[in-house]
Number of protein chains: 2
Amino acid sequence: MARLKILREFTQGRHKHADCVTTALSVAEACCQQEGQRLTPLRKRVLQLVWNSHAPVKAYQILDVIRHEKSGAAPPTVYRALDFLQEQGLVHKIESLNAYVGCGAPGHVGSGQLLICRDCGEVAEMDDQEVLELLAAKSRDVGFEITSPTIEIKGRCARCRSKHG
Amino acid sequence: MARLKILREFTQGRHKHADCVTTALSVAEACCQQEGQRLTPLRKRVLQLVWNSHAPVKAYQILDVIRHEKSGAAPPTVYRALDFLQEQGLVHKIESLNAYVGCGAPGHVGSGQLLICRDCGEVAEMDDQEVLELLAAKSRDVGFEITSPTIEIKGRCARCRSKHG
DNA sequence: AATGTAATGTTATAATGTAACATTCGTTCT
DNA sequence: AGAACGAATGTTACATTATAACATTACATT
Ligand SMILES: [Zn+2]
Ligand SMILES: [Zn+2]
Ligand SMILES: [Zn+2]
Ligand SMILES: [Zn+2]
């Protein structure tokens, strides 16, 4: 299954989450460096807050935190940072939840396929070429040319399945 | 390609749209009859307004119309009707647009794959088993069990492609 | 008619997101 | 260093989307 890339994994219970955050931030640094984009302190902080959990994070949750740290923080403060991070592929918006998750392997265009666990709330991301190609083929059959697919799948992660049957 | 069902088609330019609406409404009548659900005048009217166009319709656009017809119409009036229609599979919400489209072939669970033309704004819906099975298989590979996929694909419909290259 | 449930009315407010303009910050050029 | 420019952030105001909570009405069954 070579073409199935995992961009963001479900956690297997307890883990050293600080490492997830650290890794995400340094990947982001490198990414922006590479692209000649500025990962300012504000943008970095927002990215850190998005990575605060493996579940989706809402814009106003981020704002609540930022407000305590910077006087004058307002919705545009957060939304602009989120827009930037999305453009860089560092975070994805989950449209069906109006919330955001970090991307573990940025550099690809758009988001892959987001897997959302209904039980624990965690979100994983895979990016499978076969799925995209099949969707493109089926779309072509009806005359449609894909530019950007949004795929958000709700279900149950392995851990939650093993826990409650 | 037997497993590719078309639940809602792109239009080929001009057509007798009144027929689309009439058909949708009688299908809905039959559907609700079948299920023992009540397609009240209000719900029917909302469904009709959703079918007013082949493009997505917003809740507050519907509300604007209903307000002129019924004093006392308020957001819950529309959202409750939309919720009912979604439960019956008569309309789908497009999460990435916060808007609604009618389903041309209700009776299936959830929505199929929505195709959204960036040029003309029209939305088609296909429901392809192969796509769903492949997604399910790939998800299983990472231990994930699908309950409901949300697939919304932006691109260009056949007509728009032939028109502007 | 009485009763119970589903549907709608009504008021208020929550949650999400953006427009528009002012200010500050960083870089580049002289 | 200072000027000049664009990018980033601050600030205010508002637009859009959606729901909570409770009152009333309509409908079906007895
Ligand atoms: Zn972690
Ligand atoms: Zn889970
Ligand atoms: Zn039509
Ligand atoms: Zn089109």
Side-chain angles (χ1 to χ4, degrees), chain A residues 28-29 31-33 35-50 55-88 90-101 121 150 152, chain B residues 28-29 31-33 35-50 55-88 90-101 121 150 152:
Chain A
E29 290 280 19
C31 234
C32 289
Q33 183 74 23
E35 299 296 318
Q37 297 291 333
R38 295 174 53 204
L39 188 62
T40 63
L42 175 59
R43 289 166 172 174
K44 192 168 179 178
R45 179 63 175 135
V46 168
L47 180 58
Q48 188 182 44
L49 291 171
V50 168
V57 175
K58 314 221 96 189
Y60 276 72
Q61 290 178 343
I62 295 170
L63 179 55
D64 286 343
V65 176
I66 303 269
R67 268 192 209 284
H68 283 85
E69 300 173 351
K70 289 183 73 105
S71 77
T77 310
V78 169
Y79 282 105
R80 288 195 285 227
L82 287 172
D83 286 347
F84 170 84
L85 295 169
Q86 281 179 268
E87 278 160 18
Q88 307 309 312
L90 297 168
V91 314
H92 300 306
K93 178 176 185 182
I94 303 182
E95 300 285 357
S96 58
L97 300 175
N98 295 322
Y100 303 82
V101 292
T150 298
E152 301 175 0
Chain B
E29 290 278 20
C31 234
C32 289
Q33 183 75 22
E35 300 294 317
Q37 297 291 334
R38 295 175 53 203
L39 188 63
T40 64
L42 176 59
R43 289 165 172 173
K44 192 168 178 177
R45 179 64 177 135
V46 168
L47 180 59
Q48 187 181 44
L49 290 171
V50 169
V57 176
K58 314 221 96 190
Y60 276 73
Q61 290 177 342
I62 294 170
L63 179 55
D64 285 344
V65 176
I66 302 272
R67 267 191 209 286
H68 283 83
E69 301 173 349
K70 288 184 74 106
S71 77
T77 309
V78 169
Y79 282 105
R80 287 196 285 227
L82 287 171
D83 286 347
F84 169 84
L85 295 168
Q86 282 179 268
E87 278 159 18
Q88 306 310 312
L90 298 168
V91 314
H92 300 306
K93 178 176 184 183
I94 303 182
E95 300 286 356
S96 59
L97 299 175
N98 295 321
Y100 303 82
V101 292
T150 298
E152 301 175 0

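Being a predicted model, the structure only gives us computed values, none of them experimental. Below, chain A is the first sequence line, B the second, and so on; all start at residue 1.
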Close N/O contacts between protein and nucleotides 20-24 of chain D (under 3.5 Å):
none

When A81(A) and P75(A) are each assigned the nearest nucleotide of DNA chain D, the 5'-most assignment goes to A81(A)
Once you round it to whole Å, what is the distance between [atom2] of [N] and [atom1] of [X]?
| X | N | atom1 | atom2 | value |
| --- | --- | --- | --- | --- |
| R67(A) | dT12(D) | CZ | C1' | 12 Å |
| K58(A) | dA14(C) | NZ | C1' | 11 Å |
| K70(A) | dT23(C) | NZ | P | 18 Å |
| L63(B) | dT16(D) | CG | P | 13 Å |
| E35(B) | dA6(C) | CD | C1' | 17 Å |
| E95(A) | dA18(D) | CD | P | 12 Å |
| Y79(A) | dA19(C) | OH | C1' | 14 Å |
| I66(B) | dT10(C) | CD1 | C1' | 16 Å |

Students should find that the end-to-end axis angle of the helix from dA1(C)-dT30(D) to dT30(C)-dA1(D), with five pairs defining each axis and rounding to 10 degrees, is 30°
Minimum heavy-atom separation for [X] to [Y], with atom names?
| X | Y | answer |
| --- | --- | --- |
| L39(B) | C32(B) | CB-SG, 3.9 Å |
| V101(A) | P56(A) | CG1-CA, 3.7 Å |
| V78(A) | A59(A) | CG1-O, 3.6 Å |

Residues of residues 37-50 of chain A with a heavy atom under 4.0 Å from any atom of DNA chain D, listed by number, are R38(A), T40(A), L42(A), R43(A)
(message) Please determine whether side-chain contact (heavy atoms from CB on, under 4.5 Å) holds for the pair V50(B) and L90(B), giving the CA-CA distance in whole Å, both sets of side-chain angles, and the decisive distance to 0.1 Å.
(response) CA-CA 10 Å; V50(B) 169; L90(B) 298 168; over 6 Å; no
### Query
Is there a donor-acceptor pair closer than 3.5 Å between any side-chain N or O of K58(A) and the backbone N or O of L97(A)?
yes
Does R38(B) offer a backbone N or O that forms a donor-acceptor pair with the side chain of R43(B) under 3.5 Å? yes
Answer yes or no: is there a side-chain heavy-atom contact under 4.5 Å between [X] and [Y]?
| X | Y | result |
| --- | --- | --- |
| V46(B) | T77(B) | no |
| K93(B) | L82(B) | no |
| V57(A) | I62(A) | yes |

5'-most contact on DNA chain C (nearest-nucleotide basis), N98(B) vs A74(B), goes to A74(B)
- Task: Decide whether E95(A) and T150(A) meet the rule of one side-chain donor and one side-chain acceptor closer than 3.5 Å.
- Result: no
Open item on the list: Between dA18(D) and Y60(B), counting only base atoms on the nucleotide and side-chain atoms on the residue, is there a donor-acceptor pair under 3.5 Å?
Closed with: yes
Problem - Derivation and outcome, side-chain contact (heavy atoms from CB on, under 4.5 Å), residues R45(A) and V65(A) - result: CA-CA 10 Å; R45(A) 179 63 175 135; V65(A) 176; 3.7 Å; yes
